[in-house]
Asker: 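Take a look at the following structure, please.
Source: prediction; values computed, not measured.
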Amino acid sequence: MPPKVRELIEDLERAGFTNRGGKGSHRNFVHPKMTKPVTISGKAGDDAKHYQVRAVQRAIKESQI
């Protein structure tokens, strides 16, 4: 069962990302060590797409370097 969008958001916030807003259901998360934002779309209760899970995992890994 895929994680929920809210779980991805919690993971990003725990890793030090901040939500700089977005348009509609999109949220852009930025981190001081990252050059590109991570965009998460969908309502908090929606199932996350596989590409969203991979993007969050990759962004968290890169921010810890």
Asker: Throw together a table of side-chain donor-acceptor distances under 3.5 angstrom for residues 30-39, partners on residues two or more places apart or in other chains.
Answerer:
unit_1, atom_1, unit_2, atom_2, d
H31, ND1, K33, N, 3.1
H31, NE2, A15, O, 3.4
T39, OG1, N28, OD1, 2.7

Asker: For residues 2-21, which residue pairs pass the side-chain hydrogen bond (donor to acceptor under 3.5 Å, both in side chains) check, not counting sequence neighbours?
Answerer: K4-D47, D11-R14
Asker: Only pairs under 3.5 Å count here: list side-chain donor-acceptor contacts from residues 56-65, not counting sequence neighbours, and write none if there are none.
Answerer:
unit_1, atom_1, unit_2, atom_2, d
S63, OG, A59, O, 3.4
S63, OG, I60, O, 2.8

Asker: Using the test side-chain hydrogen bond (donor to acceptor under 3.5 Å, both in side chains), find all partners of S41 that sit at least two apart in sequence or belong to another chain.
Answerer: Q52
Asker: Nearest 0.5 Å please: distance from the CZ atom of F17 over to the CG atom of L8.
Answerer: 12.0 Å
Asker: Any side-chain heavy atom of P2 sitting closer than 4.5 Å to one from V53?
Answerer: no
Asker: In the hydrophobic clustering that connects Ile, Leu, Val, Met, Phe, Trp and Tyr at side-chain heavy-atom distances below 4.5 Å, which members other than Y51 occupy its cluster, ordered by chain and number?
Answerer: none
